[in-house]
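I'd like to ask you about the structure that follows.
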Amino acid sequence: MRLLFLGDIVGRSGREAVLRHLRSWREKLSLDLVVVNGENASHGFGLSPQTARDLLAGGVDVITLGNHAWDRRDLIGAINQLPSVVRPVNSPPGTPGHGSCLIDLPRDRKALVINVMGRIFMDPLDDPFRVLAETLSRHKLGRTVDAIIVDVHAEATSEKMGLGCFLDGHVSLVIGTHTHVPTADQRILPGGTAFQCDAGMCGDYDSVIGMMKQNALSRLLKKVPAERYQPAEGEATVCGLMVETDPETGLARRISPFRQGGCLAPCWPDF
């Protein structure tokens with residue numbers, strides 16, 4: 001199975017870049033599943049129901065969220081009608097939506113996508129290790145599901161690496177989001193799980209993590225409230241990771257960074 005995970009979509013620039021090219025990429029790379037983090041897709045903060053529908057109609061299979069999940073309040077009442085939009089699984093009981101999505105794929109295959117949020121320097125949600133173990137107790141890679149992707153939306157690389165080690169051999173891919181900067185540590189862990197600390201963002205990198213430089217610099221230099229952050233609107237770089245899994249085990253056998261457009265060096269998978 002061929003999986004593509006794309007990092008945090010930031011604002012119109014990132015959203016339009018993904019929608020403009022995704023169907024072509026799916027065909028050229030023979031992709032079976034595309035997952036994107038969309039928690040910043042609507043004007044840089046949150047995800048509107050309409051933006052979610054646009055992404056799903058444009059070739060995305062599953063959208064994951066994070067700490068900005070509820071910045072657009074209209075998603076609160078709509079997320080239960082959007083089963084392919086996944087909020088953090090370790091959210092408090094009674095939180096709208098679902099923390100995982102089981103998706104049917106062609107040739108009688110199934111994939112599980114889980115979104116979890118870290119706790120270091122983040123909102124203190126439930127223990128991600130315990131909740132992931134509980135969720136995975138109901139799904140067995142290579143038996144009941146053909147692929148499992150875990151989006152770890154977290155600040156600390158140590159926590160992301162810890163979760164990668166914890167899940168190694170039990171899932172296809174552990175991929176970090178949230179920091180908007182693609183890390184160079186993509187690899188297949190000893191147990192066969194693909195891992196990267198952060199997929200990066202789909203947005204304008206001539207910015208401060210996707211936001212217009214002048215807004216961010218004003219806050220950083222003066223330490224006083226400034227006007228609301230605005231997403232940068234230059235050409236986006238679409239960043240992510242492609243994984244090819246073993247058909248028997250569901251574990252990773254080949255991985256490659258994915259970067260297209262904008263100002264970062266391009267990287268196109270060679271398999």
Practice task
Validate the cation-pi geometry between Arg2 and Phe271: distance from NZ or CZ to the six-membered ring centre under 6.0 Å, angle to the ring axis within 45°.
Solution key: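 The answer is no; the distance or angle limit is not met.
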
Handout entry: Thr183 backbone acceptor or donor facing Gln196 side chain under 3.5 Å
Key =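 Yes, the answer is positive, given that a donor and an acceptor are paired below the 3.5 Å cut-off.
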
Handout entry: Residue pairs fulfilling salt bridge (Lys or Arg N to Asp or Glu O under 4.0 Å) with at least one residue in residues 32-44, sequence neighbours excluded
Key =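 Counting only pairs at least two positions apart or across chains, the salt bridge (Lys or Arg N to Asp or Glu O under 4.0 Å) contacts touching residues 32-44 are Asp32-Arg109.
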
Handout entry: Minimum heavy-atom distance Tyr205-Pro182, with the two atoms named
Key =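 Answer, listing the atom of Tyr205 first, then Pro182: OH-CD, 3.5 Å.
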
Handout entry: Over all atoms of both residues, closest heavy-atom pair of Ser207 and Met201
Key =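 Distance-wise, the nearest heavy atoms are OG-CE, 4.0 Å.
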
Handout entry: Nearest heavy atoms of Asn115 and Gly66, plus distance in Å
Key =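 Shortest heavy-atom separation between Asn115 and Gly66 comes out as OD1-N, 3.9 Å.
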
Problem - Contacts of type salt bridge (Lys or Arg N to Asp or Glu O under 4.0 Å), residue Asp71, not counting sequence neighbours - result: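 Here no residue qualifies.
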
Exercise for the section: Hey, could you give me each pair passing ring pair (Phe, Tyr, Trp, His ring centres under 6.0 Å) that has a residue in residues 244-264? Not counting sequence neighbours. Expected result: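 Of all non-adjacent pairs touching residues 244-264, those that pass ring pair (Phe, Tyr, Trp, His ring centres under 6.0 Å) are Trp25-Phe258, Phe258-Trp268.
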
Practice task
Please examine the side chains of Leu4 and Met242, heavy atoms only from C-beta on, and report whether any two atoms are closer than 4.5 Å.
Solution key: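 Answer yes - side chains close enough.
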
Problem - Asn40 side-chain N/O to Asp8 backbone N/O, donor-acceptor pair under 3.5 Å - result: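 No, the answer is negative, given that no donor and acceptor are paired below the 3.5 Å cut-off.
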
Exercise for the section: Report yes or no: do His178 and Asp198 form a side-chain donor-acceptor pair below 3.5 Å? Expected result: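 No.
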
Problem - Identified side chain to side chain donor-acceptor pair (under 3.5 Å) partner of Lys110 from the options Asp146, Asp104, Thr144 - result: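 Among Asp146, Asp104, Thr144, the one meeting side chain to side chain donor-acceptor pair (under 3.5 Å) with Lys110 is Asp104.
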
Problem - Partner of Ile9 under side-chain contact (heavy atoms from CB on, under 4.5 Å), chosen from Leu19, Val238, Val60, Leu55 - result: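 Passing option: Leu55.
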
Problem - Side chain to side chain, Pro247 and Arg253, heavy atoms closer than 4.5 Å - result: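 Side-chain contact under 4.5 Å: yes.
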
Problem - Check: Leu65 and Leu75 side chains under 4.5 Å, non-hydrogen atoms - result: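 Heavy-atom side-chain distance check passes, below 4.5 Å.
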
Exercise for the section: Any chance you could pull the hydrophobic cluster mates of Phe121, using side-chain heavy atoms under 4.5 angstrom and chaining through other members? Expected result: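 Members other than Phe121 - counting any ILVMFWY side chain reachable under 4.5 Å - are Ile120.
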
Exercise for the section: Answer yes or no: are there more than 12 heavy-atom neighbours, outside Glu248 itself, under 6.0 Å from its atom CD? Expected result: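 At most 12 heavy atoms, drawn from other residues, nucleotides or ligands, come within 6.0 Å of this atom.
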
Problem - Thr51 and Ser42 side chains, donor-acceptor separation under 3.5 Å - result: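 Short answer, yes.
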
Practice task
Decide whether Leu264 and Val181 are clustered together by the hydrophobic rule: side chain heavy atoms of Ile, Leu, Val, Met, Phe, Trp, Tyr closer than 4.5 Å, transitively.
Solution key: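 No; Val181 is not reachable from Leu264 via cluster members.
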
Exercise for the section: Quick one: closest heavy-atom pair of Cys202 and Gly7, and the distance? Expected result: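 So the two residues come closest at SG-O, 3.5 Å.
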
Handout entry: Close side-chain approach of His153 to Met122, heavy-atom, < 4.5 Å
Key =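 Answer yes - side chains close enough.
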
Handout entry: Shared-cluster residues of Leu221, by chain and number - hydrophobic side chains joined below 4.5 Å
Key =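 Besides Leu221, the cluster holds Leu217.
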
Handout entry: Taking every non-hydrogen atom, the tightest pair across Asp168 and Pro190
Key =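 Between these two residues, the closest heavy atoms are OD2-N, 3.5 Å.
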
Exercise for the section: Considering non-hydrogen atoms only, spot the tightest contact between Ala52 and Val85 and give its length. Expected result: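 Result for this residue pair: CB-CG2, 4.0 Å.
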
Practice task
Tell me whether Val10 is reachable from Val208 by hopping between hydrophobic residues (I, L, V, M, F, W, Y) whose side-chain heavy atoms are closer than 4.5 Å.
Solution key: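 No, it is not one cluster - the side chains of Val208 and Val10 are not joined through contacts under 4.5 Å.
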
Practice task
May I have all residue pairs that pass salt bridge (Lys or Arg N to Asp or Glu O under 4.0 Å) and include part of residues 174-185, sequence neighbours excluded?
Solution key: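 Sorted result for residues 174-185: Asp185-Arg187.
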
Problem - Results of side-chain contact (heavy atoms from CB on, under 4.5 Å) for Arg130 - residues two or more places apart only - result: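 So Arg130 forms a side-chain contact (heavy atoms from CB on, under 4.5 Å) with Asp126, Asp127, Glu134.
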
Exercise for the section: With sequence neighbours excluded, tell me which residues meet side-chain contact (heavy atoms from CB on, under 4.5 Å) with Pro257. Expected result: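 So Pro257 forms a side-chain contact (heavy atoms from CB on, under 4.5 Å) with Gln186, Arg259, Cys267.
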
Problem - Non-neighbouring partners of His68 that pass ring-ring contact (aromatic ring centres under 6.0 Å, His included), sequence neighbours left out - result: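 Listed in chain order: Phe45.
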
Practice task
Return yes if a side-chain donor-acceptor contact under 3.5 Å exists between Asp204 and Ser13, otherwise no.
Solution key: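 No donor-acceptor contact under 3.5 Å links the two side chains.
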
Exercise for the section: Run the salt-bridge test on Arg119 and Glu159 with the 4.0 Å N-O cut-off and return the result as yes or no. Expected result: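 Result for this pair is no, no salt bridge flagged.
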
Problem - Linked hydrophobic residues, Met1 as query - side chain contacts closer than 4.5 Å - result: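 Members alongside Met1: Leu3, Phe5, Leu33, Val35, Val62, Val86, Ile103, Leu105, Val113, Ile149, Leu173, Ile175, Ile188, Leu241, Val243, Ile255.
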
Problem - Side chain Thr193, main chain Gly169, donor-acceptor under 3.5 Å - result: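 Indeed, once roles are kept as given, a pair shorter than 3.5 Å links the two residues.
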
Practice task
Evaluate the side-chain proximity of Asp206 to Glu235: yes if any heavy-atom separation is below 4.5 Å, no if none is.
Solution key: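 No - every pair of side-chain heavy atoms lies 4.5 Å or more apart.
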
Practice task
Each residue besides Leu141 in its hydrophobic cluster should be listed here, by chain and number; the cluster joins Ile, Leu, Val, Met, Phe, Trp and Tyr at side-chain heavy-atom distances under 4.5 Å.
Solution key: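 Cluster partners of Leu141: Val89, Leu102, Leu112, Ile114, Val116, Phe129, Val131, Leu132, Leu136, Val145, Ile148, Val150, Val152, Met161, Leu163, Phe166, Leu167, Val171, Val174, Leu189, Phe195, Leu251.
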
Handout entry: Inter- and intrachain pairs under salt bridge (Lys or Arg N to Asp or Glu O under 4.0 Å), touching residues 44-67, at least two apart
Key =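 Non-adjacent pairs meeting salt bridge (Lys or Arg N to Asp or Glu O under 4.0 Å): Arg26-Asp61.
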
Exercise for the section: Flag the pair His43 / Pro231 as yes when at least one side-chain heavy-atom distance between them is below 4.5 Å, and no otherwise. Expected result: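 The answer is yes; the side chains approach within 4.5 Å.
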
